[in-house]
There are 2 protein chains.
Amino acid sequence: MADYRELWSKLGVDLEKHDELCAVLPKLYEGTYLTQENRPERMNYFNSVLAEIHGFRIKELDEHKKNGGKVVGTFCVFVPDEVILAANAIGVGLCSGSQFWVEDGEKVLPRNMCPLIKAFMGAKVGGTCPYFQSCDMVIGETTCDGKKKAWEVLNDYVPVHVMELPQMKREKNYDQWIGEIKDFIGKMEELTGNKVTVESLREGIKIINLKRRALKRLYGLRKYKPSPISGLDALLISQVAFFDDPQRFTEKLNELCDELDERVKSGMKDEGKKRVMITGTPMGLPNWKLHSIVESLNAQIVVEETCTGTRYFENEVDEKGETLEDLIKNIADRYMKINCACFTPNTGRIDDIIKYAGEYNADGVIDANLSFCHTYAVEHRDVERALKEKNIPVMQIETDYSTEDSGQIKTRVEAFLEMI
Amino acid sequence: MADYRELWSKLGVDLEKHDELCAVLPKLYEGTYLTQENRPERMNYFNSVLAEIHGFRIKELDEHKKNGGKVVGTFCVFVPDEVILAANAIGVGLCSGSQFWVEDGEKVLPRNMCPLIKAFMGAKVGGTCPYFQSCDMVIGETTCDGKKKAWEVLNDYVPVHVMELPQMKREKNYDQWIGEIKDFIGKMEELTGNKVTVESLREGIKIINLKRRALKRLYGLRKYKPSPISGLDALLISQVAFFDDPQRFTEKLNELCDELDERVKSGMKDEGKKRVMITGTPMGLPNWKLHSIVESLNAQIVVEETCTGTRYFENEVDEKGETLEDLIKNIADRYMKINCACFTPNTGRIDDIIKYAGEYNADGVIDANLSFCHTYAVEHRDVERALKEKNIPVMQIETDYSTEDSGQIKTRVEAFLEMI
């Protein structure tokens, strides 16, 4: 990685701290991913993305900036990537999933807070994320209390534009969200100096829809018994989707899906692994904790009803429309379909969980939430009730990024798998 | 209290459990309040309110309902009481402040949640609060994550109308809030069968403004050295304000203030107690925990920048206006001035804290937040920074309703008082 030190230094990365992270990640990846048996050949692309995770893409961002382009960071699936593309900027998801960053985050945030939030804050405070360092601006949103207030702190370190996500889904809320998207467009135009036009927005919509379609295709293949791809690999792909070049990602993912189609056609030996569905809060890279525990046992994770799962790609944006107004409305409509627990009520999520549990033939469901997440924690009651009504076994896990409780989680999951 | 058992039974109160609460509260009140020295004579009215807390006012609510009237419960200072009065309904604040209710709340809510929320939920689930049982409807609001999602659970027990509070204070947010108030008016009209008119709304505004003025008068008297009234008594008065008949409360409070005026005029002996300001989350009745700890030491709490303090009464609603539209706008304007941490940004609160610390001559500030409250916990950083810049000593306490940490808190406050 010697090539990149100069670039990292230019970006203001704390090289010494960053070296610590660089020392740890490859081992974690190796132990988690490269030990899997019978991986699809075309996962090699994603292996290379991880091997180069703070190199290749960072260089691409740097080239883009050298040509006058802008880079914006995001933290949530509600932020319309289409708008970022339409302004000819590059968007990168900054959802930090490692315990490594939490300590620095706790310097400026309360300890009793979601680890994801503490991690992204720590990544910035500690200057150990080249993606973060590459951002000209980041986009926050009023989703949960933790994030909503964290932007106030983060704004001391990097300019934050906050989108106010409505908290309900009444007609007036759709209008409000349209207004927020318009403000966001204005902000992107101001940042980049580029005008967002009907053509550029439609182009952005098409690119992101194709990415969604590819992810939907991947997940569709996981419905087979057995799934031709592990949950770990599907999760990795979903995580890479947040920051890789959208068009290259789509191409590589479709190539992988071609290979998976072949696997299915050739017929796969069913090893009798239990089919597990995950629902809950997102798993930012490199949070592979739960997936690696579950798949180290006699089980396969076949779908995730999370923001790093179905909530990311389900539903496309309608590409039809004559005016900017039309397309913005289509974007608002698509994003308001996301069934995040920050909305009240959120019965759509319960419907999705039941639907996916059926479609993916789940033997059991794990409701997995990050610590201190009030919204998803309260929803567990309805999730459990709905699944029990359908006689679908469910267990709940509330955890953070540390490995302290991994043993305990493994024991509980083991018992759950034996029961289902 | 034998008189009320029939009424409580009719309301669906769990008499056995309620007896437990009734056994505990008078002792707590005695030990906390009646042991104070030199209490104003006219605190007797408030003594009687507490002595009759599940009796007298409950009977008034019952009479109102017998005459076809409606009772609505509220949980937040953002809900405009003016509208409730204008619809000829009675509003009661249901902010539960006792550990007694928490266990029942934890039957339906996650344990790692604000004790206030668990308590109000427990009061309903356990059927131990006659006020709750008297409500035809309750009004929720999208303030914090915990409350926002708790309404979904509470709605299984009692109809909840949720007002969507904006999360920012831009011009469009004022318009949104006006819309919410209009929806609320519609809901109250539907519930009561009464029309809200310019006259009835103006009347409601006047009544509540007079209540605010009386509280402002009370707090103004606390600026004297020493304050002619204890923080415990001022807190009690503020808590009673949430559920007592507004006009009687105002009258009795003004009578008390007349007596306090006399105290000030006569001159009071300054015992050299440290003057402490509280800022943070609300203290619902009977949460007297922090006040009783602080005032058992050589200190007097002189002001609370909380929802059961200044945020409740500061700023009046403009009474001038020709149309319903005018008055609704005035109401929206007044309520949007409340500097609650659920808004982003919330720099107005920092300004208020500095202002009040000066006006009330605070020797030190305690930033006191309920456990698991993310919004206020994150704001502590700015609160601390602002106070340190002004050389005003500050300490932070994060606590719930249990007495487990009371000893520890006392030790910390003692050290703080010695230091300031």
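In what follows, chains carry the letters A, B, and so on, assigned in the order in which the sequence lines appear, proteins first and then strands, with residues in each chain numbered from 1. In what follows, every heavy atom counts, from backbone to side chain, and hydrogens, waters and symmetry copies are set aside.
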Subject >> Among the listed options B/N155, B/V108, B/N112, the residue most often paired with chain A at heavy-atom distances under 4.5 Å >> reply: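 Ranked by contacts with chain A, first place is B/V108.
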
**OP:** For chain A, find which of B/N173, B/D145, B/V378 contributes the most heavy-atom pairs closer than 4.5 angstrom.
**Re:**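 The answer is B/D145.
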
Counting only non-hydrogen atoms closer than 4.5 Å, does [X] touch chain B with its backbone (N, CA, C, O), its side chain (CB onward), both, or neither?
X: A/E180; answer: both
X: A/C373; answer: neither
X: A/R111; answer: neither
X: A/D156; answer: side chain
X: A/N369; answer: neither

Subject >> Residue pair B/C342 / A/K148, side-chain heavy-atom distance below 4.5 Å >> reply: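 In short, these two side chains touch, coming nearer than 4.5 Å.
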
**OP:** Check whether any side-chain N or O of B/Q167 sits under 3.5 Å from a backbone N or O of A/L165 as a donor-acceptor pair, and report yes or no.
**Re:**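 Indeed, once roles are kept as given, a pair shorter than 3.5 Å links the two residues.
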
Original post:
Within the side chain of A/K149, is there an N or O that forms a donor-acceptor pair under 3.5 Å with the backbone of B/F343?
Top reply: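 Yes, A/K149 side chain to B/F343 backbone: donor-acceptor pair under 3.5 Å.
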
**OP:** Check whether more than 12 heavy atoms from other residues, nucleotides or ligands sit under 6.0 Å from atom NZ of A/K329, and answer yes or no.
**Re:**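 Incorrect, the count does not exceed 12.
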
Subject >> Heavy atoms from other residues, nucleotides or ligands near NZ of B/K388 exceed 12 (cutoff 6.0 Å) >> reply: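 For B/K388, atom NZ is not crowded (no more than 12 foreign heavy atoms under 6.0 Å).
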
Output the option from [options] having the highest count of non-hydrogen pairs under 4.5 Å with chain B.
options: A/H380, A/E152, A/M113; result: A/E152
options: A/T142, A/D382, A/V153; result: A/T142
options: A/C114, A/A341, A/G146; result: A/A341

**OP:** Quick one: sort the A/H374 and B/H374 rings into parallel, tilted or perpendicular, breaks at 30° and 60°.
**Re:**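 Geometry flag for B/H374 against A/H374: parallel rings.
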
Original post:
Salt-bridged, A/R170 to B/E164, with N to O below 4.0 Å?
Top reply: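 Between B/E164 and A/R170 there is a salt bridge, with a charged N closer than 4.0 Å to a carboxylate O.
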
